[in-house]
Amino acid sequence: AMQSKWMGMTYPKKSLKSDLMVYPSVTGAGRVRVEFNTNFDLELVRDFFWGMEFYTSYDSEPLTEDAESIDYGVNTSVGYKF
């Protein structure tokens, strides 16, 4: 697993975090799964944040023939940290 993180220490607070994980299969030779996530948080007002996440997953050998090998998406959120 690989991880990088950046945080800004000024106002507004900002953070950017990325994760990359690679899973080789222990039961099926040649199968590899990969997960990648990136998260960004921005402080709008004191302790109230807006966030965005991008994620993607890859499977070199999906369970069925008609299944996609890549899945991806974007999530947004708002939240209060206390």
Side-chain angles (χ1 to χ4, degrees):
M2 235 172 55
Q3 184 180 56
S4 65
K5 187 173 183 178
W6 172 83
M7 292 182 66
M9 298 308 286
T10 61
Y11 180 82
K13 294 177 186 172
K14 303 171 273 305
S15 71
L16 179 66
K17 178 182 171 187
S18 294
D19 296 308
L20 174 66
M21 292 169 277
V22 179
Y23 303 98
S25 178
V26 295
T27 58
R31 184 177 184 194
V32 176
R33 292 182 296 156
V34 179
E35 304 283 334
F36 177 73
N37 295 309
T38 297
N39 296 292
F40 176 72
D41 288 324
L42 175 65
E43 184 178 33
L44 300 175
V45 294
R46 185 173 176 90
D47 295 330
F48 185 74
F49 286 82
W50 172 81
M52 178 178 271
E53 173 191 24
F54 170 76
Y55 65 89
T56 187
S57 299
Y58 169 76
D59 188 342
S60 65
E61 295 179 18
L63 295 177
T64 62
E65 287 184 24
D66 58 341
E68 296 289 330
S69 61
I70 297 177
D71 181 34
Y72 56 90
V74 175
N75 292 321
T76 59
S77 62
V78 292
Y80 183 77
K81 293 184 181 180
F82 54 95

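By convention here, the first residue in the shown sequence is residue 1.
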Run the side-chain donor-acceptor check on residues 72-82: report pairs under 3.5 Å with partners two or more places apart or on a different chain.
{"residue": "Asn75", "atom": "ND2", "partner": "Glu53", "partner atom": "OE1", "Å": "3.0"}

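Contact detail for Lys17 and Asp19: the closest heavy-atom pair is CE-OD2, 3.6 Å. Of all heavy-atom pairs spanning Gly30 and Ser60, the tightest one is O-OG, 3.5 Å. Here the shortest heavy-atom pairing between Ser18 and Thr38 reads OG-OG1, 3.2 Å.
Leu16 and Leu42 end up in the same hydrophobic cluster when Ile, Leu, Val, Met, Phe, Trp and Tyr side chains are linked at under 4.5 Å. Under the 4.5 Å side-chain contact rule for hydrophobic residues, Tyr58 and Phe36 share a cluster. Under the 4.5 Å side-chain heavy-atom criterion for Ile, Leu, Val, Met, Phe, Trp and Tyr, Val26 and Val22 are members of distinct hydrophobic clusters. Phe48 is connected to Trp50 through a chain of hydrophobic side-chain contacts under 4.5 Å among Ile, Leu, Val, Met, Phe, Trp and Tyr, so both are in one cluster.
The salt bridge (charged side-chain N to carboxylate O under 4.0 Å, His left out) check on Arg31 picks up Asp59, with sequence neighbours excluded.
Asp66 contributes atom CG, which lies 11.0 Å from atom CG of Leu63 (distance to the nearest 0.5 angstrom). The OG atom of Ser15 sits 4.0 Å away from atom CG of Asp41, with the distance rounded to the nearest 0.5 Å.
Side-chain N or O atoms of Ser25 include none that pairs as donor or acceptor with a backbone N or O of Val32 at under 3.5 Å.
A 4.5 Å side-chain heavy-atom check between Phe40 and Phe54 finds every atom pair outside the cut-off.
Dense packing is recorded around CD of Glu61, with more than 12 heavy atoms of other residues, nucleotides or ligands lying under 6.0 Å away.
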